[in-house]
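Below: one structure, written as C-alpha cells.
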Amino acid sequence: MPQGQPSVVPDDGLTTRQRRNRALVMVHTGVGKGKSTAAFGLALRAWNQGWPIGVFQFVKSAKWKVGEENALRVLGASGEGGSVDWHKMGEGWSWIQRDPEGDNASNEEKAREGWEQVKRDLAAERYKLYVLDEFAYPLHWGWIDSDEVISVLRDRPGTQHVIVTGRNAPRELVDFADLVTDMSKVKHPMDAGQKGQRGIEW
C-alpha cells in the first residue's frame, strides 16, 4: 500500500513512529462540494480500524439527512469495526431531555450545548475520531469562540483525531489545524438550475 513520504523531517525530538501516530486536527472548508463526504469517508476508515467514532452534526434541522448516517449507524452496530455514535443538533442532541412542546432553545444555544458535550467527551477520551460536521458555521457566526475551541483541541488528552467541516472556517482554526483542505468549486449542476438529487447530495 502506498505511504506518503514527508518532505521535511522536523527537529522535534519525536521518533518516526511517534510523529506518525500523533493525533490530528483536520479542517475541510471551502465553497465546493465534498467537505462532509470526505469526513465521513475518513470515518469509514476509522470504523475499519476499530476506532470509536463520535459524529456531531451542527445543522439546524433534524430533516437534514445525509446518506452516510444510516450506513455508519448500521456499521457501528454490526460489532465488526468501531462503534459509531451520531448526534444531531436538529433533534435537540441525544443527551438532552426536553419537553418537545416547550423547547424554545435557539440554534445558537443548541450549538453551544453540542460544543459543551464535545468538550466533555474529549476530556473523557470517549472517541478516537470526532467528526464535527458543519461546525465551521457556528464558529464563523461567532456563536462559539474560536480561541476557546483551539485551546481545547490543543490540550485534548490522548490520541483523539478531530475533523471540522463547513464553509468559512476561521483563519485561526485553519492556521492551527494539522491538515486543511479547501474544497474549491469548478462546476456544479446547481449552477445550471439542477436541484440536488438522491444518492449524490444525500
Side-chain angles (χ1 to χ4, degrees), residues 12-14 17-29 35-36 38-40 42-60 68-69 72-73 75-77 81-98 103 105-166 169-180:
D12 55 11
L14 299 177
R17 182 179 298 276
Q18 288 171 327
R19 199 176 298 113
R20 172 182 287 172
N21 294 326
R22 186 172 59 88
L24 301 176
V25 172
M26 296 161 273
V27 174
H28 299 171
T29 192
K35 297 177 286 294
S36 297
F40 296 137
L42 277 173
L44 286 174
R45 291 181 175 177
W47 172 84
N48 185 61
Q49 294 297 327
W51 294 1
I53 301 160
V55 178
F56 295 80
Q57 239 186 324
F58 287 83
V59 294
K60 296 179 181 178
E68 294 91 345
E69 178 181 349
L72 281 166
R73 284 186 186 272
L75 288 172
S83 62
V84 180
D85 292 333
W86 198 291
H87 308 288
K88 299 175 74 170
M89 188 178 94
E91 293 175 346
W93 300 119
S94 58
W95 58 85
I96 297 174
Q97 300 299 318
R98 283 201 182 97
D103 182 7
S106 68
N107 289 323
E108 181 174 352
E109 290 170 329
K110 290 178 182 177
R112 287 179 179 161
E113 288 169 350
W115 169 239
E116 289 301 316
Q117 183 62 41
V118 171
K119 287 163 61 177
R120 289 190 288 268
D121 288 341
L122 285 167
E125 299 184 58
R126 184 171 181 186
Y127 304 111
K128 178 78 170 178
L129 177 70
Y130 296 73
V131 179
L132 308 187
D133 189 38
E134 309 292 359
F135 189 53
Y137 288 102
L139 294 176
H140 175 68
W141 294 329
W143 293 356
I144 298 170
D145 183 65
S146 297
D147 290 337
E148 180 198 351
V149 170
I150 291 168
S151 177
V152 169
L153 295 180
R154 180 183 290 115
D155 297 336
R156 71 196 187 282
T159 54
Q160 303 176 94
H161 301 280
V162 180
I163 307 172
V164 174
T165 75
R171 170 50 55 186
E172 53 268 35
L173 178 63
V174 168
D175 291 342
F176 167 73
D178 302 289
L179 186 158
V180 179

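All residue numbers refer to positions in the sequence shown, counting from 1. Just so it is clear, the model here is predicted, and its values are computed rather than measured.
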(Q) side-chain contact (heavy atoms from CB on, under 4.5 Å), that's the test. Do Leu42 and Val131 meet it? Break it down for me. (A) CA-CA 9 Å; Leu42 277 173; Val131 179; over 6 Å; no
Q. Run the side-chain contact (heavy atoms from CB on, under 4.5 Å) check on Val152 and Val118 step by step: do they pass?
A. CA-CA 10 Å; Val152 169; Val118 171; over 6 Å; no
Q: Check the pair Phe56 / Tyr127 against side-chain contact (heavy atoms from CB on, under 4.5 Å), numbers first and verdict last.
A: CA-CA 12 Å; Phe56 295 80; Tyr127 304 111; 4.1 Å; yes
Q) Hey, mind stepping through Leu75 and Asn48 against side-chain contact (heavy atoms from CB on, under 4.5 Å) and telling me if it holds? A) CA-CA 9 Å; Leu75 288 172; Asn48 185 61; over 6 Å; no
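Side chains of Glu68 and Val55 form no contact here, defined as non-hydrogen atoms less than 4.5 Å apart. Taking the side chain as every heavy atom from C-beta outward, Asn107 and Met89 approach each other to under 4.5 Å. Side-chain atoms of Tyr130 and Phe135, non-hydrogen and from C-beta on, never get closer than 4.5 Å to each other. Taking 4.5 Å as the limit, some side-chain heavy atom of Val162 sits within range of a side-chain heavy atom of Leu122. Arg126 places none of its side-chain heavy atoms less than 4.5 Å from the side chain of Pro52.
Note that the NE2 atom of His28 and the CG atom of Asp133 stand 10.5 Å from one another [nearest 0.5 Å]. Rounded to the nearest 0.5 Å, atoms CZ (Arg156) and CG (Asp121) are 14.0 Å apart. Summarising the geometry, atom CG belonging to Leu153 is positioned 12.0 Å from atom CG belonging to Leu24; distances are rounded to the nearest 0.5 Å. Between atom CZ of residue Phe58 and atom CG of residue Leu139 there is a gap of 8.5 Å, rounded to the nearest 0.5 Å. Between the OG1 atom in Thr165 and the CE atom in Met26 there is a gap of 12.0 Å [rounded to 0.5 Å]. Rounding to the nearest 0.5 Å places CG of Leu132 at 11.5 Å from CD of Gln57.
We find that Arg112 and Glu116 are not joined by a salt bridge, their nearest charged nitrogen and carboxylate oxygen being 4.0 Å or further apart. Here Glu113 does not pair with Lys110 in a salt bridge; the nearest charged N to carboxylate O distance is not below 4.0 Å.
Other residues, nucleotides and ligands contribute at most 12 non-hydrogen atoms within 6.0 Å of the CZ atom of Arg45.
Under the side-chain contact (heavy atoms from CB on, under 4.5 Å) test applied with Ser146, the options Pro170, Ser151, Pro138 reduce to a single match, Pro170.
When all heavy atoms of Val27 and Ala177 are compared, the closest pair comes out as CG2-CB, 3.7 Å. Shortest non-hydrogen contact noted between Leu72 and Phe40 is CD1-CD2, 4.2 Å.
Side-chain N/O atoms of Lys128 and Thr159 include a donor and acceptor closer than 3.5 Å.
A donor-acceptor contact shorter than 3.5 Å links the side chain of Thr29 to the backbone of Gly166.
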